[in-house]
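Everything quoted here is computed from the prediction, not taken from an experiment.
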Amino acid sequence: MKVVIVGGVAGGASCAARLRRLDENAEIILLERGEHISFANCGLPYYIGGVIKDKEKLIVAEPDDFRIRFNVDVRTLSEAVAIDRARKTVTIKDIPSGKIYIESYDKLVLAPGAKPVVPDIEGSGSNRAFTLRNIPDTYRIKEFIENTNPKKAVVAGGGFIGIEIAENLAGLGIEVTLAELQEQLLPLLDYDMAAAVHNHIRSKGVNLLLNTAIERIAPSRNGLEVNLGGKGYPADFVVLALGVRAESGLAKDCGLMCSQRGGIKVNKHLQTSDPDIYAAGDAIEVTDFVTGEPVMVPLAGPANKQGRIIADNICGIPSMYGGAQGSSVIKVFDMTVAATGINEKTAKRLNLNYEKAFTYSANHATYYPGATNISIKTIFDKENGRILGAQLVGYEGTDKRADILATAIRAKMTAKDLTELELCYAPPYSSAKDPVNMIGYVIENILEGKEKVYHWHDIEALQARKDITLLDIRTEEEYSRGHIEGYINIPLDSLRQRIGELNKGKPVYLTCQVGLRGYLAARILMQHGFDSYNLSGGYRLYNSIFRVSSPKTGVKINTETQKPEKG
């Protein structure tokens, strides 16, 4: 059997290695247009920033090592330029010599990846405008910084690469302006969770511009002038991190089915519309594990799994890809941001019967030094409590909880299941009730009617009503430091004594700092005959959105403490 693989890195290289482990006699040819077949593309920003100091560490496997260990015919600087499906051949261009030749195949694997989006604007081709996708891109940026000692940079794009490169440039002492076309960074998050990220990035000295397009890159006497949203910003260089586009041209040209977004269509076995051609990685369209909708997920984890599954199927081992849930994590300076499953934007678009819960829990026992809050937004099915998605923003221990929730989603677990998880506990690592358990308890209370919730986006309409009571049950000191307009203050510990001040005929809409004390107050009021609702996420979430990081306000940033709060 002869297998030709187009593209290395995650999908292609993992497929080649698995194939050899399964079949010692197969002829395996791996074609890679670049110089490197397997490199740590997720580590590239950290080499630029000096966190990873040895550039050799970025190379996962050298072509010669791969040839020797796996007996794979590795051909770097070799570009597949055409596929003849009828003859089962690939036309290949040897880039250094320009020579064109043809190679036959029994099975063909396409793992071409994706290429950076470069905007069609004046100056995008400047030698001071960079993209970051591979090793040569990395070396060019690193050499430019070392040779020119730049003072100012513009980063266009607020996804993973944009944020990571902005952080690493700031760490080098470069003044960074980060511009994002949309109203928020990190589209995997909902706006209410992204608000905390905006706040944190600004607190680190990055000039963050939301709702701002990059429109022009022009040379100036001192370097560049970059037009962002109609205003000029001086810069020594620009990094364009505007996302990626699937490299599916080869597949389209030979008649394979592709989606409107350019993704190569595959079945559960990762076969394309031609059963002898498989595809993996950033260029393919897969199924969303939670919704069943077609999605494109350009992440290394899924690509590696897909390469392995393709090898199994080629070797006669029935293997299926169960769908992607987009589990991902990013370091934002000293903050950790993670997400898994669907966000609320997706739940709304698909008209799912969902609800959401915001929880703030300490990453470990509060009496052990160094405890910090993890902010978690959980999307769940209102009928059965199944966990559909989660977004987490915090510090140490955030990734651990994200992994637990990713596992829960894959296992189709419910809120009740989360309450029953027996997770590891010791004061330096967790609490007897882990933040994941707390999510389960909160959702369980909502589903069982022990608590009725409302949300930050409901408040504007509530403030206009006269038939309800808006009640803040934090302490008088907390209330005096800042509160939501229209809310009266009765501290929780005085509520039973002062309950007569409330009109039982008016529903009571409660808030506290993060939601815990509001729940306690709601239980008191409900058992005294009141119709009560608790603000999920409390004043802290509302303040984060409207006073700190909303692009619609010009309020000065006031970074909130991350110390655990009692509610």
Of the non-hydrogen atoms in D334 and Y395, which two are nearest, and what is the gap between them?
O-CD2, 3.0 Å
Who passes ring-ring contact (aromatic ring centres under 6.0 Å, His included) against Y479, sequence neighbours left out?
H483
Residues in salt bridge (Lys or Arg N to Asp or Glu O under 4.0 Å) with E448, at least two apart?
K450
Residues passing the salt bridge (Lys or Arg N to Asp or Glu O under 4.0 Å) test with D493, sequence neighbours excluded, are none
Can you name the residues that form a salt bridge (Lys or Arg N to Asp or Glu O under 4.0 Å) with K452, not counting sequence neighbours?
D531
Tell me if a side-chain donor or acceptor on R474 pairs with a main-chain N or O of N489 at a distance below 3.5 Å.
no
Got a sec, which residues hit ring-ring contact (aromatic ring centres under 6.0 Å, His included) with Y519, two or more places apart in sequence or on another chain?
none
Give me the one residue out of K356, K377, K348 that meets salt bridge (charged side-chain N to carboxylate O under 4.0 Å, His left out) with D190.
K377
Applying ring pair (Phe, Tyr, Trp, His ring centres under 6.0 Å), which residue pairs with at least one partner in residues 449-468 are found, sequence neighbours left out?
Y454-Y509, H455-H457, W456-F546
Checking N353 against E383: is there a side-chain donor and acceptor pair closer than 3.5 Å?
yes
Who are the side-chain contact (heavy atoms from CB on, under 4.5 Å) partners of R410, not counting sequence neighbours?
F289, Q325
Who pairs with Y429 by ring-ring contact (aromatic ring centres under 6.0 Å, His included), at least two apart in sequence or on another chain?
none
Determine which pairs satisfy side-chain hydrogen bond (donor to acceptor under 3.5 Å, both in side chains) with at least one residue from residues 165-177, sequence neighbours left out, and list them in order.
E167-K331, T177-N207
Residues which pass salt bridge (Lys or Arg N to Asp or Glu O under 4.0 Å) with E444, listed by chain and number, not counting sequence neighbours:
K416
Rounded distance (nearest 0.5 Å) linking atom CG of L405 with atom NZ of K400:
12.0 Å
Side-chain contact, heavy-atom cut-off 4.5 Å: N437 with Y441?
yes
List the residues meeting ring-ring contact (aromatic ring centres under 6.0 Å, His included) with Y46, not counting sequence neighbours, and say none if there are none.
none
Taking side chain to side chain donor-acceptor pair (under 3.5 Å) as the definition, give me every residue that meets it alongside D467, ordered by chain and number, with sequence neighbours left out.
R465
Check E451, R523, R517 against N534 for a side-chain hydrogen bond (donor to acceptor under 3.5 Å, both in side chains) and give me the one that passes.
E451
